[in-house]
Protein chains: 2
Amino acid sequence: MAKAAQKQDPAATVVKRGEGVSHVYEILRNEIIELKLVPGSPIDETLLSERFAMSRTPIREALVRLAADGLITTLTNRTTIVSNIDFLQMGAFFDALTLMYRVTARLAASNHVAEDIPAIRAHQATFAAFVEERNVLGMIAANRDFHVAIAEAGRNPYYTALFKRLLDEGRRILRLYYHSYDDNLPRQYVTEHEDIISAMVARDVERSDALAIAHADQIVRQIRSYISADNRSSPRIQL
Amino acid sequence: MAKAAQKQDPAATVVKRGEGVSHVYEILRNEIIELKLVPGSPIDETLLSERFAMSRTPIREALVRLAADGLITTLTNRTTIVSNIDFLQMGAFFDALTLMYRVTARLAASNHVAEDIPAIRAHQATFAAFVEERNVLGMIAANRDFHVAIAEAGRNPYYTALFKRLLDEGRRILRLYYHSYDDNLPRQYVTEHEDIISAMVARDVERSDALAIAHADQIVRQIRSYISADNRSSPRIQL
DNA sequence: GGCCGACGCTCTGTCGACAAATAAAATTTA
DNA sequence: TAAATTTTATTTGTCGACAGAGCGTCGGCC
């Protein structure tokens, strides 16, 4: 048996009628974001239907949802592939990500209620724990949950939806480019998160905004450095 | 025969293999936005499959796409209904709409190329023509296309996607609340559009931003006035 | 020997049917 | 008569099967 089979495949779980589609959707979504499914690789419906022990119909509906999220690309009458990460639009991605960091932080400072805080702190604690463990992939996921919680406290579902999509895309990019662990960065993120929380609790919109900008810049800079480190084989020409 | 049958139902069109789903999707999407399908009303898959002369499978896949757009709501094992317009979140809607007006206008001023202009001007001309005809519903649709064209010139697909969704939601709200035709407003919009174009062509980011804010405020104010006019039966208590 | 077209294979798009889940109707019971 | 419960009916979720559209392969032709 393959070694991977030791860890129980969640696809094996039996689900009730009406949950089949979301079950497949959630699992595939995770595997795409975690790059277990390589960008550009084809997706075989028949294979999936065997793996999930379902007919192709619910599989296809899950794929339609993933396509709506932009995680997969459907080539009509041909095949569907895991969406590629588009380097040309990296600028647009960073721009949108930064803006969403800002507006969600601002709204959270304005609109949060006391009940929102525990969940946010819990995600931050999880994040800090992963930092101690030097578990980068756990950090990335916890970071996503932390910021989503803040966005939800801001109570603008349009922003939250876009932010989720961007953060997930960020997870894919980070997985793709992550190479070396730098002790300093994660600890700095922990501190920045703490600052963001306190500004939010104090309902200080402008400070929340400023911190969000700094945080976003930091993350963008990190991703950029990963990318350029990866491009070292084809260095930019310096004039 | 019903009078509606005089206008050829686009559902009757025969489509090639692989286009069935998008065909259904487009038509239903339009009917939801144009409120031909009333918010809250149930959607019968069997009925649709008869109407489109297709099996339920492609119909269901189209419905999944609409659900991803937030245009319909699926109640598991029960039924799916046309999404209601959520008045409690009207503030969030206006906020996001204004922000997208702004960022797309800014980006268009920065990133547009000469080839983008003709399409934008064409949409503006269409809009102006509808104003002359006093065709409000046409105006609303043309206005949407105009701003989408600007967003596309800004070349940030994340913003464009959210903006489209917001503008479509706006079309639904306007259809719902539109009552009386005011001669002045539409002409003002035409002027504002012209200003937006010239600021964009001049690559004046800040002026584009300012105009976008003013334009958005104007539209938000208009929708708000429609809504409050509609609520006249239950007036707010003035203290 | 290389290019072009017919053939077959694989995979997707669509179909009709069945079964579970829920809502509505009918019936019983207090 | 009203409430509770069983029965019926409708509608969704899932299934297995078929047919069309590409893609690769093989053979023929220049």
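A, B, ... follow the sequence lines: proteins, then strands. Residue 1 opens every chain.
Across the protein-nucleic acid pair, A/Leu48 atom CG and D/dC15 atom C1' stand 17 Å apart, rounded to whole Å. Summarising the geometry, the separation between CD1 on A/Ile81 and P on D/dG22 is reported as 17 Å, rounded to the nearest angstrom. For the pair B/Glu45 CD and C/dA21 C1', the interatomic distance rounds to 14 Å; values are reported in whole Å. In this structure, the CZ atom of B/Arg17 is 7 Å from the P atom of C/dT14, given to the nearest Å. For the pair B/Asp44 CG and D/dT10 P, the computed distance is 12 Å after rounding to whole Å. If you take CZ of A/Arg56 and C1' of D/dC15, they are 11 Å apart, rounded to a whole angstrom. Protein atom CD of B/Glu19 is 14 Å distant from nucleotide atom C1' of D/dG20, rounded to whole Å. Distance CG (B/Leu47) to P (D/dT12): 10 Å, rounded to an integer number of Å.
In terms of modelled atom types and a separation under 3.5 Å, the side chain of B/Thr126 and the main chain of B/Ala122 share a donor-acceptor contact. Using modelled atom types, no side-chain atom of B/His23 and backbone atom of B/Glu19 make a donor-acceptor pair closer than 3.5 Å.
Distance check, rounded to the nearest 0.5 Å: CD1 of B/Ile140 to CD of B/Glu34 gives 10.0 Å. Taken from CG in B/Asn156 to CG in B/Asn111, the straight-line distance is 9.0 Å, to the nearest 0.5 Å.
The nearest heavy atom of DNA chain C to B/Arg78 and to B/Pro58 marks one nucleotide each, and the one closer to the 5' end goes with B/Pro58. Place A/Asn77 and A/Ser55 on DNA chain D by their nearest nucleotides, and A/Ser55 ends up nearer the 5' end. Where B/Lys16 and A/Lys16 each meet DNA chain C at their nearest nucleotide, the meeting point lying more 5' is that of B/Lys16. Looking at which nucleotide of DNA chain D each of B/Thr57 and B/Thr79 is closest to, the 5′-most match is held by B/Thr79.
Using a 4.0 Å heavy-atom distance criterion, B/Ile43 is classed as a sugar-phosphate-only contact.
Residue A/Arg60 places at least one side-chain N or O closer than 4.0 Å to OP1 or OP2 of C/dG13.
Close placement of the A/His147 and A/His193 rings is indicated, their centers lying within 6.0 Å of each other.
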